[in-house]
Structure formats: C-alpha cells, structure tokens
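Working notes, beginning with the structure itself.
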Amino acid sequence: MDYYLSVATFAALNVILAIGLNLISGFCGQVSLGHAAFYGLGAYAAALASVAGVPFPLAILGGVLVAGVFGIVVGFAALRVREDFLAIVTMGVGFLFLGAVRKQPWLGAEMGIAKIPSPLDKWGYAALAIGAAVALVLLSLHVRRSWMGRAFGAVAQDEDAARTIGIDVAGYKIAAFFIGTAAAGLAGGIYAHMTQLIIPDTFNFIQSITILAMVVIGGIGSTYGVVAGAILLTLMPELFRFINDYKLLVYGALLLLVMRFSPGGLAGMIQRAFGVRLA
Amino acid sequence: MMLLAGERLSIAFGGVHAVEDVSLAVAEGELVGLIGPNGAGKTTLLRLLTGILAPDSGRVLFEGRDITRMPIHRRAQLGFALTHQIVRPFRDMTLAENVMMAAAGGVTARPWRALAKVDARGARERAMALLARLGIDDAADKLARNVPLGYLKRMQAARALALEPRLLLLDEPLAGLNAAEATRFADLIVELNAGGITILLVEHNLGEVTRIARRLLVLHNGSLLAEGEPRAVMARQDVRDAYLGEEAHA
C-alpha cells in the first residue's frame with residue numbers, strides 16, 4: 001500500500017510541475033529548459049524554513065514565493081530573448097542553480113539538507129499533493145477559458161501583433177513565469193517535507209527534460225493531455241525498471257517521435273482519432 | 001491641436017541616414033497619404049511614429065503629449081492603431097477571435113484583470129459587427145491560416161478598428177490586392193475617415209492614394225521633399241524626378 005501511495009504522490013507532484021511548465025511554454029509560448037531549478041528553489045527554501053522552525057504551511061508558502069520571485073526574474077530575461085535563445089538562457093538558469101547550491105555550505109552543498117521536519121504521514125502527503133494537483137488543474141482550465149488564456153495565446157502566436165492591439169506582452173510573460181514557477185515551488189516544498197532529505201541532483205537537467213517530456217508527450221497546451229503525460233511518465237519507470245537507467249535516452253527518443261509524428265502529443269492523437277478537442 | 005506630430009525625427013543605421021530631420025503633423029479628422037519611391041524611408045518613418053523604432057533624435061507627440069518612449073501597447077490603448085504591411089494575424093485563431101482580442105481592449109490590458117474575466121460575448125458581438133462591416137463575416141469562424149490574403153487584410157483593418165482608434169496608421173494596405181479589391185478597400189478607408197477616424201496612409205498605389213487622400217507627404221532619401229494637395233504635389237517637377245529617377249535606376 002505504501003508503495004502505491006508514494007507513486008500516487010509522485011504522480012501528483014509531477015502533474016503540478018508539468019501543469020506549471022505548460023502554462024509558461026504551452027499557453028504563453030515561452031520555452032523553458034530549466035523548470036527543475038524552480039522545483040529545487042521551492043524545495044530548498046521550504047526545507048530551510050522548516051529546519052529553522054517555521055511552521056509547515058508557512059514553509060510551503062515560502063517555497064512557493066521564492067520560486068515565483070525567481071521566476072519573475074527569469075521572466076524579465078524572456079523579455080529580452082526569444083525562442084532558441086530563451087531555451088539556452090533557461091537551461092543556463094538550471095545549471096546556475098545547481099552550481100550555486102553545490103558550492104554553498106549553508107545549503108548543505110553536495111550532501112543536501114537532511115532531517116527536514118515531517119509533520120504529515122504518507123496519507124497526509126498524498127492528500128496534500130493530489131489536492132494541490134487538482135487545484136492547479138482547475139486553475140489551468142480556468143486560465144485557458146479566461147481572457148488571460150486568450151492573451152497568452154496571442155503572445156505565443158505573434159507577440160509583435162499582440163503589442164499593436166494593446167496587449168501588455170511583458171506583463172503576460174512575467175505573469176506566466178510567476179504562476180508556472182510558483183507551482184513548481186509548491187511541488188518542491190511538498191517533496192522536501194515528504195522525503196525529509198533533498199540533494200542537488202534531484203533538480204538537475206534530466207529532471208527539467210523529464211518535466212518537458214511530460215508536457216510535450218501529453219500535448220503541449222492541453223491541460224488534460226499534460227496531466228496524462230505526467231501520470232504516464234511517472235508510471236513508466238515504475239513498470240519498466242530499466243527505463244530508470246536510460247531515462248534521458250528513452251525520454252529523448254519519445255520526445256523526438258512525438259514531435260515528428262504527433263506534435264500535439266497524446267491530446268493531438270485523441271483529437272485526430274475522435275474529433276474532440278481536449279481543453 | 002495636432003493629433004499626431006513628428007518633430008525633427010532622425011535615425012541612422014550604420015551611418016546611413018534612413019530618416020533625417022523629418023517633421024510632420026496630422027490634424028484630427030485628416031486623411032493623409034505618405035508616399036515616396038522605394039527606399040525613401042517611409043516604413044522607417046512609420047516605425048518611428050509607432051514606436052517599433054526609437055529615433056536617434058526628435059520627438060513624437062500624440063495630442064501634444066510626448067510619446068517618443070512610450071511602449072507600443074500603451075500607445076494602442078491611447079487610440080493609436082496600425083496595420084502591418086505584411087499581414088500579421090494570429091494564425092491559429094479564427095478571424096472572429098483575432099478581432100475579439102482587440103475588441104476586449106480594457107480586459108486584456110492587465111493580466112490579473114484578464115484572469116478574472118471569462119465572458120466573451122460582448123467582445124464577440126463587437127467583433128462580428130466589425131467583420132460584417134468589412135464584409136468578411138462569412139469567414140468569421142475560419143482559422144486565419146486558412147483564408148486568403150484579401151480576407152486577412154480586411155480582418156487586420158477590423159482588428160485595428162476594434163481598438164476604437166482615433167488614429168489609424170495603414171502601412172501599404174492595398175499591396176497584394178487586385179485593382180477591384182484595391183478600389184473597394186480605398187473606398188472603405190474614405191468611409192472610415194468620414195466616420196471620424198484620422199488616417200495616415202503609406203501607399204505605393206499612387207492612383208488610389210491621390211484619389212482618396214486630401215493631403216500628400218512625399219518622402220525622398222529620408223527627407224520630406226514635398227507636401228500639399230495631391231494633384232499639385234504630383235505635378236511638381238522634383239516629385240516626378242524622384243519617381244522617374246527610381247524608374248531610370250530600376
């Protein structure tokens with residue numbers, strides 16, 4: 001039972017991460033190859049707060065805010081560079097985060113942070129993670145239906161044209177980065193308390209690519225597709241142990257196949273097969 | 001007061017003076033044509049006025065207010081609309097959705113306000129009315145990527161109008177249209193102007209522009225060469241030379 005519970009919790013955390021990235025990349029069209037850094041920022045900020053004696057809910061909130069604020073900073077970078085250059089900048093952010101954490105004694109350097117207080121039991125974390133994932137899915141569906149979602153679409157498709165019809169492109173990009181990275185910070189905070197031990201490697205480039213693979217394989221831009229992609233990619237390494245050893249290879253191959261044969265991912269396949277468009 | 005004024009605008013690219021010391025003014029309610037041979041600096045001047053480029057020196061005024069450094073989306077919110085020479089639709093949206101994005105104006109101005117609002121019926125109604133006015137409501141629910149250029153040109157005009165602009169800058173709106181379409185579109189421009197919108201028109205189609213504009217500005221080698229009533233301007237020898245020079249080099 002414990003095993004299934006922890007798989008469900010990880011699936012929920014991955015849904016949170018993937019939905020956040022989808023907001024940035026799928027809705028607003030801003031590539032990010034460094035999403036794991038914000039997962040890590042949330043985890044480290046919440047862990048440090050908890051170790052210092054801050055109550056659990058406030059520690060989690062701290063993680064969300066720290067990740068979101070750094071997300072805003074990266075959002076400002078997205079005002080200067082576009083597309084492939086932005087991909088490289090965000091990738092650099094990921095490496096910068098890892099490099100910085102690895103060298104800081106107060107962040108535990110390579111050893112990470114251990115003995116993080118854990119106020120909940122396994123059921124509690126599962127409920128928290130799943131509850132948060134459901135809330136984010138609902139938020140994502142709402143964003144898509146709202147004028148914010150429509151404006152994101154305009155920014156993603158042609159930001160110069162968006163400007164000429166009065167859309168504050170900069171404001172929308174920063175909003176997308178804030179919401180998406182704050183979500184990653186939330187996942188990080190929950191993760192840190194659940195495992196009680198965090199090390200830098202958990203938030204490396206492979207993790208960023210894994211989150212991106214969930215989004216792309218599920219169907220970039222589609223909330224339901226991304227949820228399916230996140231769950232699928234959480235279960236796959238559990239079902240086929242060998243995948244864990246070749247994660248980057250398998251995900252890379254999957255990414256390539258999806259982009260070549262079904263750029264809309266799973267959501268796109270369903271749309272073609274049944275003619276329904278997933279939100 | 002002038003609705004739009006450029007004061008002594010200059011910009012150089014790598015030592016080449018694309019626009020040099022150009023001053024112009026457009027009064028409320030005017031329909032002004034900006035013409036000039038290829039490479040005269042028309043598009044650059046338009047970009048200086050719209051804020052896509054920042055001038056090396058000089059100022060841009062809107063109702064006497066200095067907007068030289070104001071971001072493009074803020075100018076649009078002031079009632080300063082433009083259409084691109086090459087159509088720039090949101091290709092994965094329908095024509096109606098394209099126009100709705102502009103018709104929602106106040107709602108999309110701030111991200112957090114936009115998040116709180118879902119209802120699109122008002123914007124849709126306004127968008128449909130504009131599409132009907134431009135005669136393309138039959139294609140309202142087609143994706144922009146699937147409709148021909150003539151439709152996109154008109155959609156782009158509808159999108160600009162949805163901003164309820166006071167000033168409309170049109171960059172070669174007739175380019176790519178056949179003679180009948182161009183005449184119809186030119187008539188529409190006159191009609192919009194009669195409806196109270198001030199228009200500055202950059203155009204290569206000299207026949208149509210001299211027919212509809214009440215005042216012409218001629219740009220040559222980055223400077224203002226002539227200005228005045230269309231037929232009088234076109235009769236000037238230096239204007240003819242500027243165009244003929246281009247023909248001779250072509």
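To find a chain, count down the sequence lines: A is the first, B the second, and so on, and within it residues start at 1. The figures here come from the full heavy-atom set of this structure, side chains too, leaving out hydrogens, waters and symmetry mates. In this text, all values refer to a predicted model and were calculated from it rather than measured experimentally.
- With values rounded to the nearest 0.5 angstrom, Arg150(A) atom CZ is found 8.0 Å from Met101(B) atom CE.
- Ranking Leu115(B), Ile52(B), Leu78(B), Ile72(B) against chain A, the residue ahead of the rest is Leu115(B), based on heavy-atom pairs under 4.5 Å.
- Ranked by heavy-atom pairs shorter than 4.5 Å toward chain A, the options Met100(B), Arg74(B), Arg113(B), Lys117(B) are led by Lys117(B).
- Residues Asp158(A) and Arg91(B) have side chains not in contact (no heavy-atom distance under 4.5 Å, counting atoms from C-beta outward).
- Taking all atoms of both residues into account, the shortest heavy-atom contact from Asp168(A) to Ala109(B) is CB-O, 3.7 Å.
- In Arg80(A), the CZ atom is not crowded: 12 or fewer heavy atoms of neighbouring residues, nucleotides or ligands sit closer than 6.0 Å.
- The CD1 atom of Ile167(A) sits 5.0 Å away from the OG1 atom of Thr108(B) when rounded to the nearest 0.5 Å.
- Counting only distance, with no hydrogens or angles, the side chain of Trp147(A) and the backbone of Asp119(B) share a donor-acceptor pair below 3.5 Å.
- Shortest non-hydrogen contact noted between Ala175(A) and Pro111(B) is CB-CB, 4.1 Å.
- Residue Phe13(B) places its CZ atom among more than 12 non-hydrogen atoms of other residues, nucleotides or ligands, all under 6.0 Å distant.
- In terms of heavy atoms, Ala154(A) sits closest to Phe90(B) at O-CE2, 3.4 Å.
- Tyr172(A) and Val107(B) get closest at one heavy-atom pair: OH-O, 4.4 Å.
- Heavy atoms from other residues, nucleotides or ligands lying under 6.0 Å from CZ of Phe56(A) number more than 12.
- Proximity to chain A is absent for every atom of Arg75(B), based on heavy atoms less than 4.5 angstrom apart.
- Ala123(B) touches chain A through its side chain: at least one heavy atom from C-beta onward sits under 4.5 Å away, while N, CA, C and O do not.
- Proximity of Ile165(A) to Arg159(B): side-chain heavy atoms (C-beta onward) are separated by under 4.5 Å at one or more points.
- The number of heavy-atom neighbours closer than 6.0 Å to CZ of Phe27(A), taken from other residues, nucleotides and ligands shown, is above 12.
- Both the backbone and the side chain of Ala162(A) come within contact range of chain B, judged by heavy atoms closer than 4.5 Å.
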